[in-house]
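Reviewing the structure listed below.
Treat the numbers as computed from the prediction; the structure is a model and nothing was measured.
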Amino acid sequence: MEVRRQIEVSGIVQGVGFRPYVYRLAADRQLSGTIRNTPAGVTIEIQGPAEAVQNFVERLPAEAPPLARITSFAVLDIPCNGDRDFRIVQSHEGEEVRTLISPYVAICPDCLREMFDPRDRRYRYAFINCTNCGPRFTIIRDIPYDRPSTSMAKFPMCPACLAEYEDPLNRRFHAQPNACWTCGPRVELWDKSGNPIECRDAITGAASALNAGMVVAVKGLGGFHLAVDATNPTAVGRLRQRKRRVEKPFAVMVPDLQAVREICDVDSAAAIVLPSIQRPIVLLPRKMPSMIPDEVAPFNRYLGIFLPYTPLHYLLLAEGRFKALVMTSGNLSEEPIAIDNREAVNRLGGLADSFLVHNRDILLRCDDSVVRVAGGVTRQLRRSRGFVPVPVFLKDEQPSVLAVGGELKNTICLTKGKHAFLSQHVGDLENVESYSFFHEAIEHLENILEIQPEIIAYDLHPDYFSTKWAQQQSGVKLVGVQHHHAHIASCMAENHLEGRVIGFALDGTGYGTDGNIWGGEVLVAGYEDFERAAHFEYVCLPGGEAAIGEPWRMAVSYLAHHFGREFLKLGLLKSDIPFVRHLDRQKVELLLRMMEQGVNSPLTSSCGRLFDAVAALVGVRQQVNYEAQAAIELEMAIAESDDETGYPLELRPEGNHWIIGARLLFEALLEDLGRNVPVAAISRRFHNGLIEGFVQLARLLRDKTDLHRVCLSGGTFHNIYLSYRLEARLSEAGFEVFTQKEVPSGDGGLSLGQALVAAAKGSRVAAKPT
Ligand SMILES: [Zn+2]
Ligand SMILES: [Zn+2]
Ligand SMILES: [Zn+2]
């Protein structure tokens, strides 16, 4: 008996080879019908013998192309008609507009094989791609996503490419960036002034320069990288010096998984993430000794490793037979990554000896993503290339909100229906270039997603650039969102939670509703509002910003707070420990006076600053060269052991909330320091103490509120030791614990929480008049 079914599929099903896939699936079973793109995804009508149709319906989602992401799938019986074959129906103008755009996908195995096959017409062609791989997000100017709205518009397809493009059975059917040697973009090697270098082959030329220890700027997918041979300490040192990057680790690109295993410990989860289509940078414990010199990641037990992802990377690594290349963002310190050829020459001319460029324009920059894998779970540290613009799928429909994020590690977020679109990593808005990128990111995302926000959400910090920008907008509702409330809401949104939760929001800095600098906050929160249920005791941040760069100041602040200004004379500290030896008594005196007189010494409850104080006291770090360096190194100092002791935290009721005090913690820690207990053990006990204190606090709050769900968010939870142990201990204590995986728990995930809070508050807010 013949039947006909209509199947509505939504999700990421356009531009990912879905229609050819369905075409083949139908053809194999000799079924008739149609498939067409719709605003929500695709609609399929399928007709034939009942059994074959049933089989088609079952196989359809199960064997979908790797890049497809099906979010809903509905089947309906409809009357049969006279269809005798299966057709791909062209969509009407403008119909594809509202579908999801696929992110960048690393070169697929088929394209890789063709590229290294001397008989293939795309042998060694650096822009090979198909519907299963290649650029998307970074080459789109406008929607709908087809060639004229991309930076491939200037390369008309040759007859051979066009034939592939039009053949529903071809892997390149409707592959918008399809190209070849005849019709597509080309690579060139330029000198440091931007003049083309005469050479037989640009890639060979770049490989020899790298082998000679030179710095080569390589145009990638979402921007330029600065590359050097990672096994050459002189070359790495040169790059560090030119980039003015003192100690922040460089990412390293390694040809394959086997080569990664030679330099790092790769567990089974990392072995899946490294070669995934997203190809993020994965932080992995480094093996010692290894061929990678310390200069690549000084004082760091981890290396940021990624596999090649563009065809050009593969060609370059193969040509130079490199074991590992440093591939760091093509920028000076914290500026955004360069994307345009001429811009790169202007901005990176003093950094690179030559430029490996090409003429396929990058329309939007997109940095590499960074993840950490532990306990089988992948956590985002920087969600960017490969993940953007895949939305975070929300539980409920939301109004259209633009959330503009925080100040550091900025991302923006746009919501539409049940989707929250986080932008790529925008960076630190303090510098002018990032601030203009922030504007671009908003405009581009609003444009390609067709979202006109009715609400704009921003951080409460009056001096953040994102806040100032938001407050200048009119004709929309403006909603300010407290920083740590946004962190907890971000965790709730990702985990589809409703109602109220106990939220641990731990980080370095966030503006509080009392004007102080918060950062060690325990909230009882829902989307709409929160209560500050507990927080770390306020201490001074002597010198404000300066204290963030100089952890020794925080150690002085804590010691003076708990033991008085004469703390050095009390015999609490042995005079021969590095912290005391490095102390400049005059500076200490100055600091003490500043704090006593309240000069440039704001109050803070920051958890990050407590880590800084401890890191300085135990001699791990007195000054930092990049954000959170002291806390990262303190975590890394922890040694494997079964020592479960911890320094106690005090929990004192004050009004209707709890104060978390650190006096007992410091007393115990100083005693250990006095007994020459190694740093590895002290750091472990410090972490253990925080964890036990937090569990105790969660119990107290459960007794008071009856809540048993706990959310963990904020940059401090990038600390794996803390987050895993706390999660485990809370679970043992009967809590349901939620953490962030898809979105960073640091400020890169802040915009998601802001959006959800603002959406919840939005109905009670009036639009600002134009
Ligand atoms: Zn491919
Ligand atoms: Zn061609
Ligand atoms: Zn934060």
Side-chain angles (χ1 to χ4, degrees), residues 374-380 392-398 415 418 420 481-507 510 518-536 607 649 651 656-658 660 690-720 722-746 749-761:
V377 181
T378 304
R379 284 176 203 276
Q380 293 281 351
V392 174
F393 293 91
L394 303 171
K395 186 164 186 289
D396 300 306
E397 298 265 338
Q398 299 295 332
T415 55
K418 286 186 173 181
V481 181
Q482 201 281 323
H483 190 97
H484 302 94
H485 186 202
H487 274 308
I488 297 306
S490 178
C491 183
M492 289 177 69
E494 187 187 327
N495 291 290
H496 292 186
L497 302 183
E498 280 177 346
R500 295 181 89 68
V501 301
I502 298 169
F504 283 80
L506 308 178
D507 63 6
W518 293 10
E521 312 303 314
V522 188
L523 312 179
V524 170
Y527 292 115
E528 202 167 336
D529 55 18
F530 72 94
E531 291 153 52
R532 194 182 190 199
H535 64 86
F536 274 93
C607 187
L649 285 182
L651 301 174
N656 59 351
H657 63 282
W658 300 88
I660 311 167
L690 291 184
I691 292 161
E692 289 319 307
F694 293 153
V695 173
Q696 200 190 335
L697 185 57
R699 286 178 195 273
L700 290 168
L701 293 174
R702 178 169 59 188
D703 292 346
K704 187 174 158 189
T705 62
D706 246 8
L707 297 172
H708 66 280
R709 295 181 303 175
V710 177
C711 284
L712 308 180
S713 188
T716 302
F717 288 106
H718 287 169
N719 180 319
I720 294 281
L722 181 77
S723 56
Y724 277 82
R725 296 209 155 216
L726 180 55
E727 193 180 342
R729 290 286 295 115
L730 285 167
S731 302
E732 280 167 31
F735 291 95
E736 223 185 321
V737 188
F738 300 90
T739 58
Q740 304 214 262
K741 299 176 185 73
E742 223 184 312
V743 167
S745 64
L750 204 62
S751 57
L752 173 64
Q754 290 177 335
L756 272 282
V757 171
K761 290 183 177 209

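- Across F393 and H496, no two heavy atoms sit closer than the pair O-NE2, 2.6 Å.
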| query | Going through the checks in order, is the side-chain contact (heavy atoms from CB on, under 4.5 Å) test met by M492 and Y527? | reply | CA-CA 8 Å; M492 289 177 69; Y527 292 115; 3.5 Å; yes

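- With respect to K741 and E494, no salt bridge is recorded, no charged nitrogen being found less than 4.0 Å from a carboxylate O.
- Counting only heavy atoms from C-beta outward, the side chains of K704 and V524 never approach each other to under 4.5 Å.
- No donor-acceptor pair closer than 3.5 Å links the side chain of Q754 to the backbone N or O of L752.
- Residues L497 and F738 form a side-chain contact, since some pair of their non-hydrogen atoms from C-beta on lies under 4.5 Å apart.
- Looking at W518 and H535, their side chains never come closer than 4.5 Å, going by heavy atoms from C-beta outward.
- Summarising the geometry, atom CG belonging to L690 is positioned 11.0 Å from atom CZ belonging to F504; distances are rounded to the nearest 0.5 Å.
- For the pair D507/H483, a side-chain contact is recorded, criterion being any heavy-atom separation below 4.5 Å from C-beta on.
- Atoms CD and CG, on E521 and L506 in that order, are 8.5 Å from each other to the nearest 0.5 Å.
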| Going through the checks in order, is the side-chain contact (heavy atoms from CB on, under 4.5 Å) test met by T739 and F717? | CA-CA 9 Å; T739 58; F717 288 106; over 6 Å; no

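- Residues Q740 and S490 share a closest heavy-atom pair of NE2-OG, 3.0 Å.
- Nearest heavy atom pair, residue V481 against residue A486, reads CG1-CB, 3.9 Å.
- The aromatic rings of H484 and H487 sit tilted, their planes meeting at an angle between 30° and 60°.
- Counting heavy atoms from C-beta on, the side chains of Y724 and V377 come closer than 4.5 Å.
- Of all the heavy atoms in I691 and R725, the pair that sits closest is CD1-CB, 3.4 Å.
- Taking 4.5 Å as the limit, some side-chain heavy atom of L651 sits within range of a side-chain heavy atom of I660.
- Considering every non-hydrogen atom in both H485 and A525, the closest pair reads CD2-CB, 4.2 Å.
- Separation of atoms CZ (R709) and CD (E736) is listed at 7.0 Å; rounding is to 0.5 Å.
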| field | Intermediate values then yes/no, side-chain contact (heavy atoms from CB on, under 4.5 Å), L649 and L697 | value | CA-CA 10 Å; L649 285 182; L697 185 57; over 6 Å; no

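- Using a 4.0 Å cut-off between a side-chain N of Lys or Arg and a carboxylate O of Asp or Glu, D706 and R500 do not qualify as a salt bridge.
- When every heavy atom of S713 is checked against every heavy atom of S745, the shortest pair comes out as OG-O, 3.5 Å.
- One distance of note links CZ of F735 with CG of L726; it measures 10.0 Å at 0.5 Å rounding.
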| field | Trace of the side-chain hydrogen bond (donor to acceptor under 3.5 Å, both in side chains) decision for S723 with R379 | value | CA-CA 11 Å; S723 56; R379 284 176 203 276; 4.9 Å; no

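- Distance check, rounded to the nearest 0.5 Å: CG of L730 to CZ of R699 gives 9.0 Å.
- One finds the NZ atom of K395 at 12.0 Å from the CG atom of L756 (value rounded to the nearest 0.5 Å).
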| request: Could you walk me through whether V522 and W658 pass side-chain contact (heavy atoms from CB on, under 4.5 Å), step by step? | output: CA-CA 9 Å; V522 188; W658 300 88; over 6 Å; no

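- Counting only heavy atoms from C-beta outward, the side chains of L523 and R532 approach each other to under 4.5 Å.
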